Engineer: 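Please find one structure pasted underneath; my questions will follow.
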Number of protein chains: 2
Amino acid sequence: MSRTKARAALLQELEEAMRRSSAQGVLYGQTVANVAGIANSDLECMDILYLEGRVTAGRLAEVTGLTTGAITGVVDRLEKAGLVRRERDENDRRKVFIAVVPEAAMKIGQFYVPMQQAMEKVFNVYSDEELRLLLRFATEGYKGVLAATEALKGLIDTPPEKRPDLKLKKLRR
Amino acid sequence: MSRTKARAALLQELEEAMRRSSAQGVLYGQTVANVAGIANSDLECMDILYLEGRVTAGRLAEVTGLTTGAITGVVDRLEKAGLVRRERDENDRRKVFIAVVPEAAMKIGQFYVPMQQAMEKVFNVYSDEELRLLLRFATEGYKGVLAATEALKGLIDTPPEKRPDLKLKKLRR
DNA sequence: GCTAAATCTCTTAGTGACTAAGATATATAT
DNA sequence: ATATATATCTTAGTCACTAAGAGATTTAGC
């Protein structure tokens with residue numbers, strides 16, 4: 001096999017492996033939501049709150065891609081479950097900040113322990129330098145996916161015949 | 001900062017970076033489904049069909065975590081949209097294989113082009129050897145997440161007081 | 001200051017994908 | 001043959017979602 005062809009095969013393998021693990025990650029999330037007894041998007045919002053801290057309802061809608069109406073429902077359910085609190089912004093009383101209730105959020109966090117343990121085991125075999133490579137990749141990957149999302153959204157308003165000619169890899173098998 | 005502490009910080013950073021990119025990946029998928037005009041889980045099934053090839057309805061239910069009843073609906077919609085075909089197994093006529101219609105699937109594939117391009121750009125800066133490291137990580141990661149999912153499912157039937165003592169990292173901020 | 005426009009969240013009505021339970025059809029075991 | 005198991009589909013009911021617009025508050029223009 002030629003040098004470049006070997007790389008192409010490697011890239012394809014990598015892409016598929018990442019797709020698989022990403023799909024399994026989604027499934028893990030679904031299972032967590034199931035076990036925790038909350039809806040999938042409720043859990044997703046908890047995750048965002050964990051990562052971003054205290055955020056407004058509007059920002060939550062933006063990040064999740066849901067309508068503000070749907071977010072009202074999400075926050076209603078989470079608040080009822082005691083997982084978050086609504087906090088009105090005193091400077092701009094239109095805004096509602098959503099904040100996690102730390103103790104209650106711990107209960108949800110428990111369900112991520114199997115994942116953390118599994119990942120710890122995976123990470124363990126890598127040297128610090130290798131981990132830095134992985135971190136660099138994850139960071140760049142995030143930026144890439146973000147850019148791709150924007151590009152895709154841009155594609156919506158572009159009529160098909162005006163779209164840049166996109167070559168698609170053929171299906172396997 | 002001590003040697004081990006530096007690693008702990010690195011691990012945490014890595015975990016968060018991966019969570020972020022994974023969340024953005026989910027959002028990309030939602031956007032694709034949106035643009036393609038099909039439901040999220042319909043797209044997920046298309047993805048599985050792409051990765052696994054021709055699979056039975058039951059297997060689809062297994063992999064997605066949906067009930068067989070839900071899968072009937074998914075396949076009905078996908079078939080109506082001309083994206084897949086039902087094919088009865090001639091050896092076991094209870095089984096229904098679901099197969100992608102290649103030409104139609106291409107249309108869906110188009111929406112992954114921005115992602116492929118973004119990823120290509122990210123991958124480009126890595127040497128073959130570095131890519132092999134990433135592949136190894138993705139493969140191991142997949143296995144880890146799979147195992148974690150099973151472990152979590154096992155946790156459901158274990159009453160809280162009998163669960164192994166799980167230590168949870170504290171929340172940031 | 002006062003009015004109009006903008007911004008942010010919530011409400012309402014309607015839609016659609018999901019689950020649970022059981023029906024149907026086919027296969028396997030005794 | 002009969003019973004049990006397996007694979008998919010059907011039905012009824014539930015729940016989260018969207019679209020549209022209603023409050024409530026802030027900002028801009030005069």
Side-chain angles (χ1 to χ4, degrees), chain A residues 26-27 29-49 54-81 83-99 153 156, chain B residues 26-27 29-49 54-81 83-99 153 156:
Chain A
V26 171
L27 208 55
Q30 284 177 8
T31 310
V32 170
N34 234 283
V35 176
I38 64 178
N40 218 296
S41 47
D42 297 12
L43 182 65
E44 196 193 333
C45 286
M46 286 299 291
D47 224 53
I48 291 160
L49 288 169
R54 195 162 162 268
V55 300
T56 66
R59 169 95 183 120
L60 224 40
E62 230 176 86
V63 177
T64 56
L66 296 177
T67 61
T68 60
I71 291 297
T72 300
V74 169
V75 177
D76 282 352
R77 289 189 297 271
L78 288 177
E79 199 171 37
K80 205 158 146 192
L83 295 172
V84 306
R85 253 194 304 267
R86 275 183 168 91
E87 294 174 359
R88 280 220 105 86
D89 184 349
E90 285 307 319
N91 295 346
D92 183 346
R93 299 183 42 72
R94 292 168 304 178
K95 287 184 188 169
V96 172
F97 279 104
I98 318 299
K153 279 184 187 160
I156 304 176
Chain B
V26 171
L27 209 54
Q30 284 177 8
T31 310
V32 170
N34 234 279
V35 176
I38 62 177
N40 219 296
S41 47
D42 296 11
L43 181 65
E44 196 195 334
C45 285
M46 286 298 292
D47 225 52
I48 291 161
L49 287 170
R54 194 163 163 270
V55 300
T56 65
R59 170 94 182 123
L60 224 41
E62 232 177 85
V63 177
T64 56
L66 296 178
T67 60
T68 59
I71 291 298
T72 300
V74 169
V75 177
D76 282 352
R77 290 189 297 272
L78 288 178
E79 199 170 38
K80 205 159 144 192
L83 295 172
V84 305
R85 253 194 303 268
R86 277 183 166 91
E87 296 174 358
R88 281 220 106 84
D89 184 348
E90 285 308 319
N91 294 346
D92 182 346
R93 299 185 42 75
R94 290 169 306 177
K95 288 186 187 166
V96 172
F97 278 106
I98 318 299
K153 279 184 187 160
I156 304 175

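Below, read A as the first sequence line, B as the second, and so on, with proteins coming before strands; counting in each chain starts at 1. Everything numeric here is computed off the predicted structure, so don't read it as measured data. As a basis for the values below, the full set of heavy atoms in this structure was taken, side chains included, without hydrogen atoms, waters or symmetry mates.
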Engineer: Between B/Asp89 (CG) and C/dT26 (P), how many Å, whole number?
Structural biologist: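 Interatomic distance, CG of B/Asp89 to P of C/dT26: 13 Å.
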
Engineer: Does B/Arg59 make a side-chain N or O approach to OP1 or OP2 of D/dT6 shorter than 4.0 Å?
Structural biologist: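 Negative; the distance criterion is not met.
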
Engineer: Can you figure out which of C/dC18, C/dT9, C/dT7 approaches the side chain of B/Ala70 most closely?
Structural biologist: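 Of all the options, the side chain of B/Ala70 is nearest to C/dC18.
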
Engineer: Bend across the helix from C/dG1-D/dC30 to C/dT30-D/dA1, to 10°, with axes taken over 5 pairs at each end?
Structural biologist: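 Terminal axis comparison yields 20°.
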
Engineer: Where the side chain of B/Val74 is concerned, which of C/dC18, D/dT8, C/dC10 is the nearest nucleotide?
Structural biologist: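 In terms of side-chain proximity for B/Val74, the closest of C/dC18, D/dT8, C/dC10 is C/dC18.
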
Engineer: Between C/dC8, C/dA27, C/dC18, spot the one nearest the side chain of B/Arg93, thanks.
Structural biologist: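 Out of C/dC8, C/dA27, C/dC18, the nucleotide with an atom closest to B/Arg93's side chain is C/dA27.
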
Engineer: Quick one: which of C/dA17, D/dC9, D/dT18 gets closest to the side chain of B/Thr68?
Structural biologist: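 Between C/dA17, D/dC9, D/dT18, the one nearest the side chain of B/Thr68 would be D/dC9.
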
Engineer: Any idea which of C/dC10, C/dT19, C/dA27 is nearest the B/Asp92 side chain?
Structural biologist: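 Shortest atom-to-atom distance from the side chain points to C/dA27.
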
Engineer: Can you find a side chain N or O atom of B/Ser41 that sits less than 4.0 Å from OP1 or OP2 on C/dC18?
Structural biologist: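 Indeed, a polar side-chain atom of B/Ser41 lies that close.
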
Engineer: Give me the atom names and distance for the closest heavy-atom approach of B/Val63 to A/Leu27.
Structural biologist: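 Here B/Val63 and A/Leu27 meet closest at O-CD2, 3.3 Å.
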
Engineer: Among D/dT26, D/dC17, C/dT9, which is the nearest nucleotide to the side chain of A/Lys95?
Structural biologist: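 The listed nucleotide nearest to A/Lys95's side chain is C/dT9.
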
Engineer: Calculate the interatomic distance between B/Leu66 atom CG and C/dA20 atom P; express it in whole Å.
Structural biologist: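 Interatomic distance, CG of B/Leu66 to P of C/dA20: 11 Å.
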
Engineer: Pick the closest DNA chain D nucleotide for A/Gly65 and for B/Asp76 by heavy atoms, then say which residue is nearer the 5' end.
Structural biologist: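 It is B/Asp76 whose nearest nucleotide is closer to the 5' end.
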
Engineer: Under 4.0 Å: is that the gap between some side-chain N or O of B/Arg86 and OP1 or OP2 of D/dC9?
Structural biologist: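 Indeed, a polar side-chain atom of B/Arg86 lies that close.
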
Engineer: Below 3.5 Å, does any donor atom in the side chain of B/Arg94 face an acceptor in the base of D/dT8, or the other way round?
Structural biologist: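 No such pair is found, so the answer is no.
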
Engineer: Which nucleotide sits closest to the side chain of A/Thr72: C/dT19, D/dT18, C/dT9?
Structural biologist: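 Selected nucleotide: C/dT9.
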
Engineer: Rounding to an integer number of Å, can you tell me how far B/Ile71 CD1 sits from C/dA17 P?
Structural biologist: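 So the two atoms are 13 Å apart, to the nearest Å.
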
Engineer: Has B/Arg88 got a side-chain atom pairing as donor or acceptor with B/Arg93's backbone, closer than 3.5 angstrom?
Structural biologist: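 Between the backbone of B/Arg93 and the side chain of B/Arg88 there is a qualifying donor-acceptor contact (under 3.5 Å).
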
Engineer: Rounded to the nearest angstrom, tell me the gap between atom CD in B/Glu90 and atom P in C/dT26.
Structural biologist: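 From B/Glu90 CD to C/dT26 P: 11 Å.
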
Engineer: Name the nucleic acid region contacted by B/Gly73, choosing base, sugar-phosphate or nothing; use a 4.0 angstrom heavy-atom cut-off, strictly under.
Structural biologist: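 Counting heavy atoms under 4.0 Å across all strands, no contact is made by B/Gly73.
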
